[in-house]
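Everything on this sheet refers to the single structure shown next.
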Amino acid sequence: MAVKKNSHPFMILIVTCWCLSLLLGGMAHIRNESTVVKVGAVLDISNGTVGKIGLSCINMALSDFYHSHSHYKTRIQIIIRDSHRDIVTAAEQVRDLITNEKVQAIIGPTTTMEANYVIQLGEKEQVPIVTFSATSPSLASLQSPYFFQISQTDSAQVNAITSIIQAFGWKQVVPIYVENSFGEGLIPYLTNVLQQENIQVPYLSAISLSATDDIITQKLYKIMTTIPTRVFIVHMSPTLGSRLFTLAKKIGMMGEGYVWIVTDGMTNLFNSLNFSERESMEGVIGVRTYIPRTKKLDDFSKKWKRKFISDNPTLVDTNLNIFGIWAYDAAIALAMAIERVGFTKNGEKLSEALLNIRFNGLSGDFNVVEGKLQTSIYEIINMFGDGEKRVGFWTLHNGLSKSLNTKGLISNNSIYSSSQNDLGSIIWPGDMSSIPKGWEIPTIIGRKLRIGVPLQKNHNHTDFVEATFDHSTNSIQVTGFSIDVFKAAVEIYPLPYYEFVPFTMPDGQNKIGTYEEMIIQLYHGKYDAVVGDITILANRSNYVDFTMPYTESGVTMVVSMKDNRKKNAWAFLKPLTWQLWVTTACSFLFIGFVVWVLEHRINNDFRGPPSHQIGTSLWFSFSTMVYAHREKVVSNLGRFVVVVWVFVVLIVVQSYTASLTSFLTVEQLTPAITDVNQLLKNKMNVGYPKRSFVYGILKGLSFPDYQLIPYHSAEECNELFIKGTENGGIDAAFDEVPYVKVFLATYSCLKYVMVEPRFKTGGFGYAFPKGSPYVAGISRAILNITQGEKMRKLENAWFKEVSCTQDSYANISFSNSLGLESFWGLFLIAGVASLLALLIFVVTFLHQHKHIWLNNDQSASIWRIIRVLARIFDQRDLNCHIFKKSGNENGNISPRDVDSEADEASPGRDCAPSPSSQAESNVPIDDEDFCQNTEMDAVQIAIPEGASEDNCEINSQET
């Protein structure tokens, strides 16, 4: 029984050992199933920290990856080779790894120069080359399907740099770069984008890696003393870049007025610099790839720091940089691609697998397109003290912004921005908060700016510019309108240390050259600018840059005036258009008719034979034009019509008089020539200023040389006009508008006038060398002057005001004939008044004799009724109170006496109906004696009872 009890622990031990053996055997079986894939790593481990940091991150990436993916069937074995930062060594190590170690991929090399050779070996052997630190865009130009840049290529940042330059309005920059494939690879991309945005690159400065401090200082001095640009873009490694900034600070190029922008080649490794190197870069702006701060990245940074210090105890101050992050993601991507492909020595499949890898790495979303890592966000930092601060972000689609939203995109910016308002506050070199203007005159040379001015002889356009020698001061005195405008512009946009230099040909004979020759001398560097009456032309702009024009532009034609006053016998008809003449004449006839109708029955002046009545009516109507009418108007309706008509006549006559006066005085002058074709057809001579581009315009208009006569001054031009073509003079002159205005101000507008055509030019401006930074500033100053009171004061000081143009004469010659559109309202009033008076008269007349047209006799025709009413209208109205009044005073009144005394009787106005009119209604309308009876009734109050009917008719005819 005791033996049985002691056997239980022994059996438990046997079972436990057996289980452990099964477990360990299973794990060994799983491990034996994993396939080891060799991957080479060619890194610079002995020089610098980039290779060491990269290798450390690669090992940690593989450890983390296989720990979380223990079921994967492949395991990467890293075979390390040190390139010693040497191109030949790197190439040999890659060849050894491919040939002897049979690696399926290579991580590295570290630098761009090494990668240039390694890529060719990888493509030849079909082995993928994966680099995380070679950033030059020139590597992509090799177009190898086996090369992968798991880093942000340098060309991606040029748009961000350009946006910064645009934001502050700088127009010129000078790139300073390292003289190797890393530095030279960026320059073509940078200059191309800058020039597309009209930002000039006047100079490129390349510095060798092996350059001494003296060589670097000499290059900086050359830039400072010969180039006015003060905006620099630095693209080089931190080692060389830190030396550059230290030396720049010593010679004063890190002070006020300077702008330094560094690429991510330095910004990515800014933390690797020591305190004095960082302090020398105070005020510098840098761009670098934005890596979002995540908990995953923070945890890895802490873990990496511990691991790196334990492996490299002497590098305590080394921090994780972006190249280590890219190395970590590159190792993860390679491990995932190898797992997809498996253990097969097929570089083409492995390359295709790498292109399809997508995951969220330490640097963000991992995405390789055409062998390059894709990212779209840059952060912009500003160095101050020995630290840095972020001042904004840049993205390809939105440009600049101060912040990002929660999704990592630029917030509150739906359009592309290149505005400084979308950047935070920046401390510039010299501890300045004000934005540098980006240029400065290199005064250290010891010479002033040479401003060329044209010389003029024979007083040709001296109002614009004149250079004279002052014997008292032994100096050149330059005056004129163009000079005063330039000085006013310089007050707004200062250009210190300049002097005016009169232009002469460089042949030692003081020969005066043309404006084209002066432009060429500016192009060749004899002058720093040219100021004067310089016309802006397209062909000249090929050699120099012009400011904004400060005068009106164009070339125009000047002709003499001729007098047409004695050549037009019918000038008195011109004040009124024919429509107004016809309307006025018809109105006179109509008014005469209306007054006759209203006055015929009661006014002896409008009675008598028909010819007499017609003549009286027309005489009365037309005599109102000169207020010479002698006939009295008796009726109130007639007086109303006449008053209205006289008002209309008064306005028309006064307007006619004023217009006729204008025609006989102002309109006497018209241009003698109005068309260029007239000059060509009649072979008239044409003048132009000597040594002027106007000659080319005239030749373009097909003028032969024998018709072209040059002149030197306004006085000579006037003398040529006086002579005319017949005497060897001219009939027209072509010149620039500013000169023509001076000419017209000198000689009266009664002699000359500007006429069409006008040929467009750019106006007068100031010329500077191509790419000059002064052009934009002087142009803005000119705009301020021309839009303010300053320009008006300068023009009044130098020129007389003149407005002699063809349009001013055209307005008089062709547009001041008075038309019906100006008076139709008056004629409408007169017509309405006349028609209203007629209507009242007719209604009153019909009402008084309604017994005639309301007669119930159906046998009477309408025509007979009209005849009866017409006979009644033709009779005198003896029922007016005037005739009654005269009858009471004189007893029986003869018709002739009544007619002579009637002065204001009118139908419906103060004249009572005839007492016998009531009896007329009983007269049969179809009786032959009807007309005679009505006549008797109409005059019975004025005829004695014994008078015969014939006597009534005779008396009636006498009326």
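Along the sequence shown, residues carry numbers from 1. FYI, side chains are in, hydrogens and waters are out, and symmetry mates aren't considered; it's all heavy atoms of this structure.
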*Are Trp394 and Leu400 close enough, and set up right, to give a side-chain contact (heavy atoms from CB on, under 4.5 Å), and what steps lead you there?*
CA-CA 5 Å; Trp394 178 89; Leu400 302 175; 3.8 Å; yes
Is there a donor-acceptor pair under 3.5 Å between the side chain of [X] and the backbone N or O of [Y]?
| X | Y | answer |
| --- | --- | --- |
| Thr99 | Asp96 | no |
| Thr110 | Asp44 | yes |
| Asp264 | Thr267 | no |
| Asn268 | Ile322 | no |
| Thr131 | Pro109 | yes |
| Trp170 | Pro436 | yes |
| Arg243 | Ala211 | yes |
| Gln374 | Lys372 | yes |
| Asp213 | Ile216 | no |
| Thr89 | Asp86 | no |

So do [Y] and [X] actually touch side chain to side chain, heavy atoms under 4.5 Å?
| X | Y | answer |
| --- | --- | --- |
| Pro175 | Val201 | yes |
| Thr263 | Leu190 | no |
| Leu522 | Pro769 | yes |
| Thr135 | Phe323 | yes |
| Ile207 | Leu244 | yes |
| Phe308 | Lys52 | yes |
| Arg288 | Glu379 | yes |
| Asp329 | Leu373 | no |

With a 6.0 Å cut-off (strictly less than), is the heavy-atom count around [atom1] of [X], excluding the residue itself, greater than 12?
| X | atom1 | result |
| --- | --- | --- |
| Lys124 | NZ | no |
| Asn356 | CG | yes |
| Arg293 | CZ | no |
| Lys305 | NZ | yes |
| Tyr203 | OH | yes |
| Glu277 | CD | yes |
| Glu370 | CD | no |

*For Asn367 and Arg358, what are the C-alpha separation, side-chain angles and deciding distance, and is it a side-chain contact (heavy atoms from CB on, under 4.5 Å)?*
CA-CA 6 Å; Asn367 181 23; Arg358 303 288 186 273; 2.9 Å; yes
Taking atom [atom1] of [X] and atom [atom2] of [Y], what is their separation to the nearest 0.5 Å?
| X | Y | atom1 | atom2 | value |
| --- | --- | --- | --- | --- |
| Asn382 | Ile426 | CG | CD1 | 5.5 Å |
| Ile107 | Ile78 | CD1 | CD1 | 4.5 Å |
| Met254 | Met281 | CE | CE | 7.5 Å |
| Tyr774 | Leu449 | OH | CG | 5.0 Å |
| Ile261 | Ile161 | CD1 | CD1 | 7.0 Å |
| Met336 | Ile357 | CE | CD1 | 4.5 Å |

Any chance the side chains of [X] and [Y] put a donor and an acceptor closer than 3.5 Å?
| X | Y | result |
| --- | --- | --- |
| Ser163 | Tyr416 | yes |
| Ser276 | Asn274 | yes |
| Ser419 | Ser417 | no |
| Ser210 | Ser208 | yes |

*Determine, stepwise, if the pair Cys57 / Leu320 fulfils side-chain contact (heavy atoms from CB on, under 4.5 Å).*
CA-CA 9 Å; Cys57 290; Leu320 180 65; 3.7 Å; yes
Shortest non-hydrogen contact between [X] and [Y], atoms and distance:
| X | Y | result |
| --- | --- | --- |
| Ala105 | Leu350 | CB-CD2, 4.1 Å |
| Arg390 | Tyr290 | NH2-CE1, 3.9 Å |
| Pro137 | Gly185 | CG-O, 3.3 Å |
| Arg278 | Asn271 | NH1-O, 4.0 Å |
| Gly40 | Leu97 | CA-CD1, 3.8 Å |
| Glu388 | Phe270 | OE1-CD2, 3.1 Å |

*Could you go step by step and tell me if Tyr146 and Glu348 meet the side-chain contact (heavy atoms from CB on, under 4.5 Å) rule?*
CA-CA 8 Å; Tyr146 297 96; Glu348 183 178 356; 3.9 Å; yes
_From CA spacing to verdict: side chain to side chain donor-acceptor pair (under 3.5 Å), Ser136, Ser138_ = CA-CA 5 Å; Ser136 175; Ser138 62; 2.7 Å; yes
_For Tyr258 and Phe232, take the angle between the two ring planes, folded into 0 to 90°, and tell me which bin it lands in: parallel under 30, tilted 30 to 60, perpendicular over 60._
parallel
*Are the aromatic rings of Trp260 and Phe245 close, with centres under 6.0 Å apart?*
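Yes, ring centres under 6.0 Å apart.
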*When you check the gap from the basic side-chain N to the acidic O, do Lys770 and Asp545 get nearer than 4.0 Å?*
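A salt bridge links Lys770 with Asp545.
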*Who passes side-chain contact (heavy atoms from CB on, under 4.5 Å) against Leu121, sequence neighbours left out?*
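Partners of Leu121 under the side-chain contact (heavy atoms from CB on, under 4.5 Å) test: Ala91, Val94, Arg95.
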